[in-house]
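First the structure, in the form of structure tokens, and then the observations on it.
In this chain, numbering begins with 1 at the start of the sequence shown. Only this structure's heavy atoms are used, side chains among them; waters, hydrogens and symmetry mates stay out.
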Amino acid sequence: MVFISSVRQRLARVKPTTVLFASSLLAFSVSAPVSASPIGAGWISTDRLGYSGTITPLEPEGPALHIGPRDLSLTGASNAASVGRDDAAIVMGSWWYSTEVDAEGNPRGAGWGNTTGNTGAGFMQYYNLPDSFDTNIDEVVLSSYAFSNFDGTYWTEFSYKLEVLDGEAFARLSSPSNTGDGGKFESLTVELTISGLEGQVDGDWIVANNHPTAVTGSISGIFQNTSATTENNGFYEFDFSLSMTNWAWENRDDLVGDEFRVSSFGAQASAVPAPGSLALLGLGLVGLTLIRRRKS
């Protein structure tokens, strides 16, 4: 998959990296749509969503901390049902966006003044990129990608599921604050369906390169804080609902430094014989620019 090879070019880079994804666009006129079953191969890349919910200390027990709304960045890519060394799974707050400038009108820096994606309780980070973590980390990561709801022109809905066990890849969950929030995701599940997409056939894939307009879904699991801040150590249950509330998107025209990232979604498609002929309408290129950062 071209997307996977593009992700591979970003290995072990902490500062912003720009990657170009390009593939031939094959447009077809069909009397029946191709199928898009929920199989492993595909990708998701979007900063358009948000989350809110609760973080509850389990051991030691404590009252639930109410979180949100917060900005979310998702990147996932896989050739198969298991995310391996050549694949990607990122779930994190989009902390780098900022609208702050100094007295001379210059950007004050990535994330400056950003309290919905950067600072504050509820920031989370799972950052699994190829070669970005120790090969001895024993993680189980499963993912699936699928388009649905063909309206005669576009596949308008996309479903994504990510399941992580023993997730140590730069894992953070900020509770009660951004300090002393490192540890491990004992479990992490992301499950969502987004709509408003313009998915079309692109070779063996169905691809949409536009922002969604609606989402249903959740992020949930158990996090173990193992940081040097011992008073934060313990197990935390988190349960977040997804929404379209997103500070960076709402302020996209005023962002300085990083522009708001283009969304892209893809899933493998298998052709289904249908009556009538397939007419080749055109050949082109799809471009995708990704910006991804790890917060240390």
Side-chain angles (χ1 to χ4, degrees), residues 7 10-19 44-53 55 65-75 88-129 132-133 169-183 185 190 211-212 215 219 223 225 227-229 232 236 238 240-264 288-296:
V7 170
R10 300 181 290 159
L11 306 185
R13 298 182 182 178
V14 178
K15 292 185 177 181
T17 304
T18 300
V19 179
I44 182 172
S45 177
T46 185
D47 292 348
R48 179 62 186 87
L49 308 180
Y51 65 95
S52 61
I55 300 176
L65 181 64
H66 293 274
I67 302 299
R70 296 193 62 88
D71 292 0
L72 177 66
S73 179
L74 287 176
T75 296
I90 299 172
V91 185
M92 65 186 297
S94 51
W95 65 270
W96 47 90
Y97 292 119
S98 176
T99 59
E100 298 287 326
V101 295
D102 61 21
E104 298 175 348
N106 299 312
R108 303 191 69 174
W112 195 280
N114 183 345
T115 59
T116 59
N118 190 6
T119 59
F123 174 82
M124 68 177 303
Q125 176 175 271
Y126 175 72
Y127 193 95
N128 178 337
L129 272 185
S132 66
F133 58 89
F170 302 106
R172 296 177 59 181
L173 182 67
S174 297
S175 179
S177 68
N178 288 128
T179 59
D181 60 358
F185 287 99
V190 180
H211 292 301
V215 64
I219 303 175
F223 182 81
N225 184 306
S227 72
T229 307
N232 291 347
Y236 297 79
F238 56 96
F240 302 138
S241 298
L242 299 180
S243 73
M244 300 302 296
T245 302
N246 186 289
W247 172 86
W249 169 258
E250 293 165 359
N251 291 275
R252 61 192 180 278
D253 294 334
D254 298 318
L255 296 176
V256 294
D258 291 303
E259 295 182 354
F260 198 85
R261 182 166 68 119
V262 175
S263 294
S264 183
L288 168 65
T289 302
L290 298 180
I291 298 175
R292 175 54 62 248
R293 301 166 180 260
R294 170 168 60 84
K295 188 175 182 182
S296 57

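- With sequence neighbours excluded, no residue forms a ring pair (Phe, Tyr, Trp, His ring centres under 6.0 Å) with W247.
- Among all heavy-atom pairs drawn from L65 and S175, the shortest one is CD2-OG, 3.6 Å.
- Between the CG atom in L72 and the CE atom in M92 there is a gap of 10.0 Å [rounded to 0.5 Å].
- Summarising the geometry of R48 relative to S263, their closest heavy-atom pair is CB-OG, 4.2 Å, with the distance given to 0.1 Å.
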Assess whether side chain to side chain contact (heavy atoms under 4.5 Å, CB included) is satisfied between R261 and S94, documenting all intermediate values. CA-CA 10 Å; R261 182 166 68 119; S94 51; over 6 Å; no
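- Here the CZ-CD1 distance, from F238 to I55, works out to 8.5 Å after rounding to the nearest 0.5 Å.
- The shortest distance between side-chain heavy atoms of N178 and R172 falls below 4.5 Å.
- In this structure, CH2 in W112 is found 11.0 Å from CG in N118, a value given to the nearest 0.5 Å.
- The shortest side-chain heavy-atom distance between E250 and T245 falls under the 4.5 Å cut-off.
- Residue N246 comes nearest to D71 through the heavy atom pair CA-OD1, 3.3 Å, listed as atom of the first residue, atom of the second, then distance.
- Between F260 and Y97, the ring-plane angle classifies as parallel under the 30° and 60° cut-offs.
- In this structure, P176 and A121 approach most closely via the heavy-atom pair O-CB, 3.2 Å.
- Here the CG atom belonging to L173 is positioned 10.0 Å from the CZ atom belonging to F123, to the nearest 0.5 angstrom.
- The backbone N or O of G68 lies less than 3.5 Å from no partner atom in the side chain of S52, so there is not a single donor-acceptor pair.
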Using the rule given for side chain to side chain contact (heavy atoms under 4.5 Å, CB included), can you reason through T99 versus L255, listing the C-alpha separation, both sets of side-chain angles and the distance that settles it, and then say yes or no? CA-CA 5 Å; T99 59; L255 296 176; 4.0 Å; yes
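- Nearest heavy atom pair, residue F223 against residue D181, reads CZ-O, 3.5 Å.
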Audit row: F185, M124, side chain to side chain contact (heavy atoms under 4.5 Å, CB included) steps and yes/no: CA-CA 10 Å; F185 287 99; M124 68 177 303; 4.0 Å; yes
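- Across all non-hydrogen atoms, the minimal contact from T115 to R70 is O-NH1, 3.3 Å.
- Atom-to-atom distance recorded for L74:CG and I90:CD1 is 9.5 Å, nearest 0.5 angstrom.
- Between the CG atom of L49 and the CD1 atom of I219 there is a distance of 8.5 Å, given to the nearest 0.5 Å.
- For the side chain to side chain donor-acceptor pair (under 3.5 Å) test, residues two or more places apart in sequence or in another chain that qualify with Y126 are N128, E139.
- Judged by distance alone, the side chain of N225 and the main-chain N or O of G180 form a donor-acceptor pair under 3.5 Å.
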